[in-house]
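Following: one structure in C-alpha cells, then a few remarks.
Below, chain A is the first sequence line, B the second, and so on; all start at residue 1.
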Amino acid sequence: MLKKQEIRYVLDTMAEMFPEAECELTHKNAFELTIAVVLSAQATDALVNKVTPGLFEKYKKPEDYINVPLEELEQDIRRIGLFRSKAKNIQKLCRSLIDNHNGIVPQERDELVKLAGVGRKTANVVTSVAFGEPAIAVDTHVERVSKRLGFCRWKDSVLEVEKTLMKKIPENEWSDTHHRMIFFGRYHCKSQRPNCPECPLLELCREGKKRMRKTASA
DNA sequence: CTCCCGATAT
DNA sequence: ATATCAGGAG
C-alpha cells in the first residue's frame with residue numbers, strides 16, 4: 001500500500017502529466033451530461049461522442065425522449081451497445097424527471113441514484129462535473145489505476161475504492177485527481193498494454209515492477 | 001452473480 | 001479470436 005508521502009508524489013506527478021484533464025463526454029448542460037454518462041456504460045467516450053451530437057440535436061428535453069416509440073430511441077443509440085436496456089432506462093429516467101423533478105436534473109446524489117440507469121458512479125460524475133460538488137467517481141480506469149498503484153487492495157469493491165480514495169486524498173483535490181486518474185488510466189496505464197517502461201511512477205508501483213520483470217524474462 | 005451489446009484495440 | 005470500454009438492473 002502507498003504511504004502518505006508516496007500518495008502526494010503520485011498526485012503531483014499525475015497533475016504534471018495531465019494538467020488539463022477533464023470530462024471528455026461532450027455536453028452543453030446537466031441533462032445532456034446525464035444522458036451521455038448513462039450511455040457511456042461499457043462503451044468508450046469516443047464512441048459516445050460520435051452518437052450524441054445527432055442525438056442531442058433530435059432530443060433536447062426529457063419530453064422528446066418519451067414522445068418517440070422505444071424502438072426508435074433504441075435505433076438512435078444502437079451503435080453504442082447495451083442499447084435496449086439503455087433506451088428503456090433513458091425513457092424511465094425522463095419520465096421521472098418530468099413527474100418528480102419539474103423536468104430538471106436534481107443536484108442531490110440521493111435523488112440522482114433513484115433515476116433509472118443512474119448508479120453511484122454516474123451520480124458522482126453528474127454532481128462533480130455539472131454541479132461542482134467534490135466527488136470521486138470510480139469507473140473502470142480509476143479502479144484499475146488505484147489497484148495497480150496500491151491506493152487500495154486488489155479485492156476492494158468499487159465502493160471501498162471510493163471510500164479509500166476519499167480518505168487518502170484532500171477533498172479539494174477530489175475532482176481534479178479523479179479526472180487525472182482517468183486520463184492516466186486511459187492514455188498511459190492502459191488495461192491491455194500499460195506503458196510501464198516510460199512510467200514516472202514505476203519505482204513505487206508494485207504491479208508495474210512485476211510486469212517489467214515478466215517482459216524482461218520473456 | 002449474470003446479463004446486456006456494439007465498436008475498437010490487441 | 002479475445003479483451004475491454006467513464007456500469008447498472010434484476
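When rounded to the nearest whole Å, the span between CG of A/Leu159 and P of C/dG7 equals 16 Å. Distance CD1 (A/Ile80) to P (B/dG6): 13 Å, rounded to an integer number of Å. Atom P of nucleotide C/dT4 and atom CD of A/Gln192 are separated by 6 Å, given to the nearest angstrom. Distance NE2 (A/His141) to C1' (B/dA9): 13 Å, rounded to an integer number of Å. The CG atom of A/Leu82 sits 13 Å away from the P atom of C/dA6 (whole-angstrom rounding). Rounded to an integer number of Å, the gap from NE2 of A/His178 to P of C/dA6 is 12 Å. What separates NZ of A/Lys190 from P of C/dC5 is a distance of 12 Å, to the nearest Å.
Residues forming a ring-ring contact (aromatic ring centres under 6.0 Å, His included) with A/His188 (at least two apart in sequence, or on another chain): A/Phe184.
Using modelled atom types, one side-chain atom of A/Asn49 and one backbone atom of A/Glu24 make a donor-acceptor pair closer than 3.5 Å.
A donor-acceptor contact closer than 3.5 angstrom links the side chains of A/Gln75 and A/Arg78.
Comparing the P positions of B/dT2 and C/dA6 gives an interatomic distance of 23 Å, to the nearest angstrom.
At the phosphate of C/dC5, OP1 or OP2 sits under 4.0 Å from a side-chain N or O atom of A/Arg144. Under 4.0 angstrom from either OP1 or OP2 of C/dG8 there lies at least one side-chain N or O belonging to A/Thr122. For A/Thr140 and C/dA6, the shortest distance from a side-chain N or O to OP1 or OP2 is not below 4.0 Å.
Using bins of under 30°, 30° to 60° and over 60° for the plane-to-plane angle, the ring pair A/Tyr59/A/Tyr65 lands in the parallel bin.
The stretch residues 27-56 of chain A comes close to DNA chain B through A/Gln42, A/Leu47, A/Lys50, each having a heavy atom under 4.0 Å from the strand. Remark: A/Arg84, A/Ser85 in residues 84-96 of chain A come within less than 4.0 Å of DNA chain B through at least one heavy atom.
For the pair A/Val129 and A/Lys114, nearest-nucleotide mapping onto DNA chain C gives the more 5' position to A/Val129.
Contact annotation for A/Arg186: base contact, defined as any heavy-atom pair under 4.0 Å involving a base atom. Looking at heavy-atom distances under 4.0 Å, A/Val142 makes no contact with the nucleic acid at all.
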